[in-house]
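Proteins come first, then strands; the chains are lettered A, B, ... in the order of their sequence lines, and each starts at number 1.
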4 protein chains.
Amino acid sequence: MTIDNSSDRSGHGTQSTDAESARAADRSVGRPNPSRRSEQSRRAILTAARELVSELGFAKLSIEAIAARAGVGKQTIYRWWGSKGEVVFEAFLALSDPGEGIVLPDSGDLETDLKYLMRETVAEFADPAFEGPVRALNAEIINDPKLARLYHEKMAAPVDEAKKERLRSAQRAGQLAPDLDLDLALELLYAPLYQRWLLRSGPLTPEYADSLVDLTLRGLRP
Amino acid sequence: MTIDNSSDRSGHGTQSTDAESARAADRSVGRPNPSRRSEQSRRAILTAARELVSELGFAKLSIEAIAARAGVGKQTIYRWWGSKGEVVFEAFLALSDPGEGIVLPDSGDLETDLKYLMRETVAEFADPAFEGPVRALNAEIINDPKLARLYHEKMAAPVDEAKKERLRSAQRAGQLAPDLDLDLALELLYAPLYQRWLLRSGPLTPEYADSLVDLTLRGLRP
Amino acid sequence: MTIDNSSDRSGHGTQSTDAESARAADRSVGRPNPSRRSEQSRRAILTAARELVSELGFAKLSIEAIAARAGVGKQTIYRWWGSKGEVVFEAFLALSDPGEGIVLPDSGDLETDLKYLMRETVAEFADPAFEGPVRALNAEIINDPKLARLYHEKMAAPVDEAKKERLRSAQRAGQLAPDLDLDLALELLYAPLYQRWLLRSGPLTPEYADSLVDLTLRGLRP
Amino acid sequence: MTIDNSSDRSGHGTQSTDAESARAADRSVGRPNPSRRSEQSRRAILTAARELVSELGFAKLSIEAIAARAGVGKQTIYRWWGSKGEVVFEAFLALSDPGEGIVLPDSGDLETDLKYLMRETVAEFADPAFEGPVRALNAEIINDPKLARLYHEKMAAPVDEAKKERLRSAQRAGQLAPDLDLDLALELLYAPLYQRWLLRSGPLTPEYADSLVDLTLRGLRP
DNA sequence: ATATAAACGAGACGGTACGTCTGGTCTTTAG
DNA sequence: CTAAAGACCAGACGTACCGTCTCGTTTATAT
């Protein structure tokens, strides 16, 4: 429910204003009235959540600690969010909000661009500031289908769409089979990389990224 | 430490007998003497752990519940295992112990065999009895490098080796490039499948398995 | 601290109001705020303690059992009391609260009245319902100076004062030496009796009580 | 039972030899054979018990700690003693064993001698090395009639007998009533003192001891 | 001298309770 | 009527000991 509120806030998939949806929620009994919600507390909670998940990791993070750091009563968190996961997710979401559209480099040569992208991803995975929160989020996703859906809709989808746009451009340039399933193609490229990092199933080097692109493109070309 | 004991039990990497290693451990101070360990309690604990992780999930599983279900004092768990994770991991390990070698079907046609294997994997992922524990284990692996290493060594390695053996056979039959990196090939085949299941990033159907094999093999052939 | 609260409640030795002292305690850090205390829980705990100490005896009584019987979290006990002894003591205190003043019989003849009182005490000591808790309390007092002080202040003092009042009356009637140390006189009379019972150093009969009074009064008369 | 063994050892109240009683015990099934008992272990246990009760107090003393300190298996303690209390009591007993008879000073003047004795007792009570163990023992006696009996028989009786002997001497000298109940007289003298110390019911000074003697003797003289 | 049976040290076992900690709910007070 | 503060019920945590029960290993008769 809370996360629905947050989605209203970002305005995806609905034309209703904040004020309207607040009034709508008001009609359903037993729920707090969002129009009365303290924006200051909300921001303090999300900031505290972000900081703490970096300092302690997701597992050792407690609602109690978030409330204390944010200078907020525990009930204020429980009132608006359903779980630790939801709070942290919304905190990440606010942080990673890309503003508007993502555009990937397009040099005209797909192989060059992909190798660049994949090497960049490898570098990103090696960043310790990225490591903790993203691992935490993924661990939660594994056990929480609701969170998984949210993640794919709000965080993964925009990035994936940008990547697919680049692939479509390659299709138009005759560098990819015209009937290629782009979702599948993306998975072929990224899943091995992601899995190596997430499950630590092997070393993650720029050379590995290159091999992956080479081998995959052999299957994807017309 | 306990898990090392269990590896002694399965005889990996050492020629020493149980009796010998028991006496050796005896010399190191402050550690319980494995030779006195109750095999009955050990089994009851692992069974209880396996059952409970299925019923409750890893997060809601408590040492206290394992002890109660196993009819065992809590101290008996703390004596031999260092954490909830270790107990559950060993429980899985005992469960999935393949006895001896794993041999995969070899019809002579790689594509046929791979599609069969991948469809079987898809079916396995749909089994609710498999779902809970494996998700739990993977969630732990994400945040625990030690556990990740153990998982790859004890559980994944034997299976992967069997799969690579099948790929080697295909190489000999001229169905795969002779200089192919088999680890990479395995990742190309399995990572997309595994990721769809683990992170719920898309539907998992037999047809999907087929497409995956088709597309991948295009890149792997000589 | 709790027991200090209870003293506030009974109004001994302080003119400050409950509200005042609550606010004062509020200022000292790390301590629970007594004004928020649940009176219902407090009563349930004391009742459970009283029942259980009768059923099991003090030694076999556990905080855990009190909490369970009272339908209360263990922390609620640890928050307000420092030990099993304090809880049980306050339970006794609430029970034995004499409301107002104690008045002892005054027939005009000290010897008669004392023999009556001492025989009554002997009878009380023989009551099994009295035995258990009072032995438990005394055993604790032996090892806990704080509890000893509390006992003398809250439980013994009022009774002793009533007894001394009777002795003063006898002094006025010329039946006791006018310069007699009344505390000492009380000890002479009661300590032998109490010791026989508490340490089981001899049989406790009405005749013994009489002899005690006879012999003691020989020393106390003018 | 164990304590009976120890009484056999000291030869109180029985004519049977050690060898005889050993053989007698042998006949009864399920009991350990005292003739095989390790004197070295027994001594180590009693010494450890004595040390630990001083260091930790009786309440915090554990059988496990005694066994560890004595370098002895726990079962060896449980084999020969029935409870922590019995072990500690026997440890005290061995310590306080007066060898043979106790003789108190006899100057010819009872008042002088009593005041000296009582002042000495007051001083003894103030000794911290005496305090801990004796409080512990008394606390146990309160709740354990068997231990109480043992205490009076083995530890208190010899001392009391010596005191009564001094009182008899005073009777012969015409300083006490000839028909005086000596047990009662002792209680009159000592119970108030003991109670002040044990239950901390008042300050314990040499002057208090004097007043006690003065007042009591007024009642005991012919 | 040797067998044999008991006591021994060691310590694992099923348990109970400890005192602490956190989670999510309920209550009180202030604004 | 929201929000902060925090007490509340609940129950898991990891530890300490309980008293019982094997294990091998002395040790001390009783052959």
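Evaluation of atom-type donor-acceptor distances gives no pair under 3.5 Å for the side chain of B/Arg37 against the base of E/dA12. Contact annotation: side chain of A/Gln75 to base of E/dC26, donor-acceptor pair present below 3.5 Å. B/Lys74 contributes a side-chain N or O that forms a donor-acceptor pair with the base of F/dG14 under 3.5 Å.
Going from atom NZ of B/Lys84 over to atom P of F/dA12 covers 11 Å, rounded to whole Å. Taking atom CZ of D/Arg42 as the reference point, atom P of E/dC8 lies 12 Å away to the nearest angstrom. For A/Ile77 and E/dT25, the CD1 to P distance is 13 Å, given to the nearest whole Å. Rounding to whole angstrom units, CD of residue C/Glu39 and P of E/dT27 are separated by 16 Å. Across the protein-nucleic acid pair, D/Tyr78 atom OH and E/dA7 atom C1' stand 18 Å apart, rounded to whole Å. If you measure from atom CD1 of B/Ile45 to atom P of E/dA12, you get 14 Å, rounded to the nearest angstrom. Whole-Å rounding puts the D/Gln40 CD to F/dA28 P distance at 10 Å. In this entry the distance linking CD1 of B/Ile66 with P of E/dG15 reads 16 Å, nearest Å.
Among the nucleotides E/dG9, E/dG14, E/dC18, the one closest to the side chain of B/Arg36 is E/dG9. Distance from the side chain of D/Arg79 is smallest for E/dC8 among the nucleotides E/dC8, F/dC8, E/dA12. Of all nucleotides listed (E/dG9, F/dA7, E/dT25), F/dA7 comes nearest to the side chain of C/Asn33.
Taken residue by residue, residues 48-64 of chain C places heavy atoms nearer than 4.0 Å to DNA chain E at C/Ser62, C/Ile63, C/Glu64.
Here the closest non-hydrogen pair linking C/Arg50 and C/Ala91 is NE-O, 3.5 Å. Here the closest non-hydrogen pair linking B/Ser41 and B/Thr76 is CB-CG2, 4.4 Å.
For the OP1/OP2 pair of F/dA7 and a distance below 4.0 Å, the side-chain nitrogens and oxygens of C/Ser41 include no atom meeting the criterion. For A/Ser38 and F/dT2, the shortest distance from a side-chain N or O to OP1 or OP2 is not below 4.0 Å.
By the 6.0 Å contact criterion, CD on A/Gln40 is open, its count of non-hydrogen atoms from other residues, nucleotides or ligands being 12 or less.
The shortest side-chain heavy-atom distance between A/Phe89 and A/Lys84 does not fall under the 4.5 Å cut-off.
Nearest-nucleotide assignment on DNA chain E puts the 5′-proximal partner with D/Gly71, out of D/Gly71 and A/Ala65. When each of B/Val72 and D/Gly73 is assigned the nucleotide of DNA chain E bearing its nearest heavy atom, the one mapping closer to the 5' terminus is D/Gly73.
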